[in-house]
Structure formats: C-alpha cells, structure tokens
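Proteins get letters first, then strands, A, B, ... in listed order; numbering begins at 1 in each.
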Amino acid sequence: MKNKRMTLRQKRAITGLLFILPWFIGFLVYYLKSLIHTVQFSLSNVQIAETGGYTTKFIGLENFRFALLEHATFNQILVDSLWSILIDVPFIVFFSLFIAIMLNSKFKGRAMVRAIFFLPILLGSGAVQETLQLATENIQGGAASTVAELATSSGVNVDYFLNIFVEIGLPKQLIEYLTGVIVRIYEIVRASSVQIIIFLAALQSVPASMYEVAKIEGATTYETFWKVTFPMVSPLILTNVVYTIVDSFINSEVVTTAYDIAFTQYNYGLSSAMSLLSTIIVCTILVIVGALITRKTFYYN
Amino acid sequence: MNINEMKLEFRRWNEDTVVINKRLRVLHKLKAFLFSVIKFIILLGISYIILGPIINIIANSFYSATDVYNPSVFLFPFNPTLDNYKLTFVRLDYWKTLGQSMLYIVILTIMQIIITSMAGYGFARFDFPFKRLLFGFVIVTIVLPTHTIMLPLYQHFRNWDVFGIFRAITGSKMNFLSSELPMYLMTLLGSGLRSGLFIYIFRQFFRGLPKEIEEAAFIDGAGMWYTYFRIMMPNAVPSIVTVTVFSMVWQYNDMFYVKLFSMPSKNHITFRLSTVQATIEFVDQVKDPMISQLNVYAGVILVLLPILIIYLILQKYFMEGVERSGIVG
C-alpha cells in the first residue's frame, strides 16, 4: 500500500480527474482524432478517389497561404465576421440581461411571456427552420429566404411610411440607421434568447435574503442592481459572452464558406485550413475576453 | 413662547410630514406605475416581433384550399378547417413518432446532465495537473465548427471497434450507422450535442456557489462523491433545469447528427416533419405546393407544442427548486 499516505491535495486531484474522466475519454476518441485529421488535411492536398476514400499529399502551409493571400473573399469575410462579433457581443449580453431582469420580476402572465421569449430557440435553427425554408422555397423557386417569409407577416406597406418620413425632411442617414436596427431586431432577439434563459437561471439562484438585507439597509434599486444583482450573476456573464461569441461565429459566413468549400468544391485541404485558422482566432479572443472578465467577476471564494 | 404655541407649532410640523409622506407615496406609486407601463410596452413589442411569423403560421394552418387563393383573406380564413391537422397528424404518425423522439431526447438529456455536470464540477472545484490545458480543450470543442469533425466521426462509426476486439470475435467491424447508438455513445462520453457548452455552464455555476457548504460536508465526514450527489447537485437545480431545457430543445431540433448518422426518420419527429410535404404531395396527390404547404404549417405547430409544454412545466419547477435550495452565506 504505497498510496496510503496520500495528502489531501493528491486525493482531491485524483477525484477531480475522475470527475472529468468520461469527458476526457470522449475527447480523446471523438475530438482529438478529428483534430489531428483536420490538421493533417490542412497541410495537404486532399484528393477524393473514384473508388471512395481519399489520398493526401503533403504540401506544407500552402493551404493557409492560399486562404489568406489568394482566396478572393476569405480575408474580407474573416475580418468582417470578427468585427461584427465584437460589436454585437456587448449589445446582446446587456440586452439579454435587461430582458432577463424584466422577466424575473413578478407580473401577470409571466409564464406566457417567458414561453414567448423561449420560442426563438426553437424557430431560429435546426429542423423547424429548415422545414419552413424548404416549404417557401418550393413555392418561390428557391429565391425566398425565411427572413423574407417572416417579414411579410404584417400586411403594411413599409416603404410608403418610410417615404413619408423622408418627405417630412428627416435626415436620410438617421432613417437608414433606425430601419437598420429595426430590421436586425429579430436577429438580435433570436441571438439573445439562449442568454436570456441562462441569465434567468442566474437571477433565480440569487438568494432572496440578499435583497431583503439591501432593502432594510435602504439601498435604492440602482444600488441593489450594481451591488447585489450584478456581482451575483457575473459568473454567468462570462458564460454568456462566450456563448454569444461562439454562436455568432458558428452562424457567421466564415463557417459557411469553409463548409461550402469542403462539400461543394470538395477542397478539404483548404476548408480545413480555413476552419483551423478561424477556430484558433476565436479561441484566442475567448481566452483574452475570459481573462479580462474573470478579473472583474465575483466568486464566493 | 408659551406651551400652546409650541403645541400648535408641533402640530404643524406633524401635518407637514404627513403631507410630505402622502406626496412621496403618490410619487412612488406613479413611478412604479410608469415603470410597469414601460415594461409592458417593451415586452409587448418584443413579443410581437417574436410572435409575428408564428401568428402567420398558426393562421395559415387553418386555411382551407379556397382561402389560399382568395386575395381578400388576411389572417382569418373564411372557411377554417382542421383537415390540414388531420392529414399531417396521420402522415407524421404523430403519437408513435413523438413517443420515440421523446424517449430518445430524454435518455440523451439525462446522460448529458450527469456527464457534463460531473466534468463541470471537476473543473470548478478540483486542482489537478494540466487543468488549464484540459479546459482549453473544452473550449476548443465548443468553438470547433461541427462540419470539421463530420468525416472522421462518420468513418469512426462506420467501422466501429475498440482495440480490434470486435473484429477478433465477429470477424468484421461493427457498423453503427442508421441507428441512435452513435449519439448515445458520444453523449455518454461527454461529446454529444454542445456538451462543451454545458460543461462550461456547469463550471461557472459551481464556481458561483460558496465553498462553505462543501467544506462543512467534508468536515462532517462526507466523501467527495457523496458531497457531489447529495450537496452540490441539489444546490445546482437552476443550472440543471437550464441545461435540461437546452439539451432537450437542441436535441429535439437537431438535424445535423440525425442526418450524419442517417438515423431512421420514423423515430425523429422533426426529421420527419422536414419530409412531410414531399410525403403528402406524393401519397395524397396534393400537387399544388401552396396547398401542401398548409400541412407543413400545421405540422410545425404540432411539433412545437410538446416541447413548449415541457418548457412551461420545467420553468415552473425552476421556481420551486430554487426556493428549496437556500444557501445561507
């Protein structure tokens, strides 16, 4: 019995490893292999054989060079996507926190409103969306996107009203900015529905006694928010920032481009290089953002 | 100043404070009222944005064939009918398919919660070598676009084997495609649909809990596993409900893995929904897409309802769970 005199620290380390063991095995079996494949693909020229299967020829960093320097649009798409991610994230996080606080207060019909805010998760992606898209494409010959379908829900001629505003003499830029925001609002609501639910859970795990204390001590609503609510939900602000970044990255054009290159042009090498590049960049952003936010985050210990 | 004047003065002060108090109360009420009006307007507006397309879908699902081509019909059909629902109900084989889907997502969700919460707890509370590196891997699994792991996964489950054992016994490798087995295996090993994200959520939740409760349990002689299952899990009810909701919804709505592993569509109602229009056009000879589309709308409603009801039940449980899990700081 050599291990009989293990220190508590060692014991805890082993228990911790046991806790993550199932995940770790899964990572080794499913992800590591895929990662190695992807790296290998990105460094080589992949040819699909006629008989099925594929052959790879090592070509070094050629794919990366092509993606960054020669591909017509990849550069632009990458920068644009990252830029819009960085702009959207703070807005989405604060918007969802705001809505979550509203949904957490007591009012009539709260359950119904919560259910409504839950709907975009169902409608925004996956099978239901694909089905609706397919249904409209059948009619309009593939030209219609779901967004167009969604926009026709009201029978109001929007252009007419916009023209009125232009004729009144409001600056055109202002109108364009405002309509831009309004057009995107469905996007924003859709993109923040998951965050709203995460924040709701966080808000509900704040002990009610804390608010009682704050009230007795005479704190205003404003103070209560910044001194009680905000620190208590701050661990999940990080979660939400991470989720928002990842979600907008997954839905961004970079990923679609890489997907298209792999599955319509069958250029697996280039596609892997693009995926790797963007994944590395996003991971770096996540690490930096995580480090910045963690310093401001309140943990009990 | 005699005593009577003093009394008078005192009474005036008193009345002043009463008036001021009254005014403050009215002001406070007015403020609260204004706030609730603003809140109502904002929530109503956003609800309308979300509901707009759904109202359209619901309305369309009750249209009869004559309403589709009648230009004066807006939202409210002249001849409302339930035929769309009846037909879609039959073609989806609703109860059976729904039952199968539910079974599938419930099993997966339970696995997800146990495995990912364990991993999240491990990362949140224990120190072990390479912890940062390993957690970095979790982040990589969240970020990595799923299409990059498509091909290797497909090959893996096409020729499934553990160290060549099955090959030695049965002579050939196992083919797990066209069944739900790959998904169960992946989820059991913490690599299921968005497992990385769930690990992250759990880790943050556990980090937000005070250490005292664990230390108290430990001093009282509880083992680490006991502490986890009996002390930490009950305190993590909000996060468990959150992850349950996400896991169920995403699993329910997932097409990527269902298609990748070519699972049978008779077990997945959302997958079946995506082909229901073609089925109806073919089997029932409804050749006009404008009309067969109505069945799709009815199908969307039929598919959305159960998961919405589940969410409503869960979020009710939400509240009660939190009440019980008081943490005394």
Original post:
Looking only at side chains, do B:R194 and B:Y200 share a donor and an acceptor under 3.5 Å apart?
Top reply: no
Original post:
Are more than 12 heavy atoms from other residues, nucleotides or ligands located less than 6.0 Å from atom CZ of B:F256?
Top reply: yes
**OP:** Could you verify whether a donor N or O on one side chain and an acceptor N or O on the other, from B:S292 and B:Q277, lie under 3.5 Å apart?
**Re:** yes
**OP:** Could you tell me which portion of B:F218 (side chain, backbone, both or neither) has an atom closer than 4.5 angstrom to a non-hydrogen atom of chain A?
**Re:** side chain
Original post:
CD/A:E253 to CG/A:D260 distance, rounded to the nearest 0.5 angstrom?
Top reply: 9.5 Å
**OP:** Check each atom of A:F117 against the heavy atoms of chain B and say whether the ones under 4.5 Å are side chain, backbone, both or neither.
**Re:** both
**OP:** Using non-hydrogen atoms and a 4.5 Å limit, figure out which bit of B:V296 sits close to chain A: side chain, backbone, both or neither.
**Re:** side chain
Original post:
When the aromatic ring centroids of B:F137 and B:F130 are compared, is their separation below 6.0 Å?
Top reply: no
Original post:
Measuring heavy-atom distances to chain B, does A:A258 have an atom under 4.5 Å in its side chain, in its backbone, in both, or in neither?
Top reply: both
Subject >> Heavy-atom proximity to chain A below 4.5 Å, by part of B:I50 >> reply: both
Original post:
Looking at the rings of B:F202 and B:Y121, which for Trp means the six-membered one, are their centres under 6.0 Å apart?
Top reply: no
Original post:
Could B:R125 and B:F206 be counted as a cation-pi pair, given that NZ or CZ must be under 6.0 Å from the ring centre and within 45° of the axis?
Top reply: no
Subject >> Part of B:V138 within contact of chain A (heavy atom distance under 4.5 Å) >> reply: both
**OP:** Please look at A:V246 and chain B and tell me whether the side chain, the backbone, both or neither of the residue comes under 4.5 angstrom of a heavy atom of that chain.
**Re:** side chain
Original post:
Should the heavy atoms of other residues, nucleotides or ligands under 6.0 Å from CZ of B:F35 be counted, would the total exceed 12?
Top reply: no
Subject >> Aromatic ring proximity, centroids under 6.0 angstrom, B:F198 and A:W23 >> reply: no
Original post:
Does any heavy atom of chain A fall under 4.5 Å from the side chain of B:L312, the backbone, both, or neither of them?
Top reply: side chain
**OP:** Against chain B, label A:S271 side chain, backbone, both or neither, depending on which of its atoms sit under 4.5 Å from a heavy atom there.
**Re:** side chain
Original post:
Which region of B:I55, side chain (C-beta onward) or backbone (N, CA, C, O), has a non-hydrogen atom less than 4.5 Å from a non-hydrogen atom of chain A, or is it both or neither?
Top reply: neither
Original post:
Given the options B:I46, B:D254, B:L44, which has more heavy-atom pairs under 4.5 Å with chain A than any of the others?
Top reply: B:I46
Subject >> Most contacts with chain B, counted as non-hydrogen pairs under 4.5 angstrom, among A:V113, A:T279, A:I116 >> reply: A:I116
Subject >> Pairs of heavy atoms under 4.5 Å with chain B: top-ranked of A:V194, A:I99, A:L18, A:T38 >> reply: A:V194
Subject >> Choice from B:F40, B:F271, B:W225 maximising heavy atom contacts with chain A below 4.5 Å >> reply: B:W225
Subject >> Top contributor to chain A contacts, counting heavy-atom pairs under 4.5 Å, from B:S36, B:S191, B:G136, B:S274 >> reply: B:S191
**OP:** Among the options B:T116, B:L185, B:L188, pick out the one with the most heavy-atom pairs lying under 4.5 Å from chain A.
**Re:** B:L185
Original post:
When heavy-atom pairs shorter than 4.5 Å are enumerated against chain B, which of A:Y268, A:F249, A:F118 gives the highest number?
Top reply: A:F118
Subject >> Residue pair B:T187 / B:Q112, side-chain donor-acceptor N/O under 3.5 Å >> reply: no
Original post:
Would a distance-only check, ignoring hydrogens and angles, find a side-chain to backbone donor-acceptor pair under 3.5 Å from B:Y252 to B:V303?
Top reply: yes
**OP:** Please report the shortest heavy-atom distance between A:L103 and A:R114, naming the atom on each side.
**Re:** O-NH2, 3.1 Å
**OP:** Tell me, out of A:I245, A:T15, A:L35, A:I25, who's got the most heavy-atom pairs with chain B below 4.5 Å.
**Re:** A:T15
Original post:
So which part of B:L51 gets closer than 4.5 Å to some heavy atom of chain A, the side chain, the backbone, both or neither?
Top reply: side chain
**OP:** Could you look at A:T294 and say if it's the side chain, the backbone, both or neither that has a heavy atom under 4.5 Å from chain B?
**Re:** side chain
Original post:
Considering only heavy atoms, which portion of B:I42 lies under 4.5 Å from any heavy atom of chain A: side chain, backbone, both, or neither?
Top reply: side chain
**OP:** Find the one option among B:L134, B:I115, B:I139, B:T146 whose heavy-atom pairs under 4.5 Å with chain A are most numerous.
**Re:** B:L134
**OP:** Measure B:V143 against the heavy atoms of chain A and call it side chain, backbone, both or neither at under 4.5 Å.
**Re:** both
Subject >> Other residues, nucleotides, ligands: >12 heavy atoms within 6.0 Å of B:F128 CZ >> reply: yes
Subject >> Distance-only side-chain donor-acceptor flag, B:S117 / B:Y228, under 3.5 Å >> reply: yes
Subject >> Among A:V189, A:L32, A:L236, residue most engaged with chain B (heavy-atom pairs, under 4.5 Å) >> reply: A:L236
Original post:
Is there a donor-acceptor contact under 3.5 Å from the side chain of A:S192 to the main chain of A:Q195?
Top reply: no
Original post:
Which bit of A:L286 comes within less than 4.5 Å of chain B, counting heavy atoms only: side chain, backbone, both or neither?
Top reply: side chain
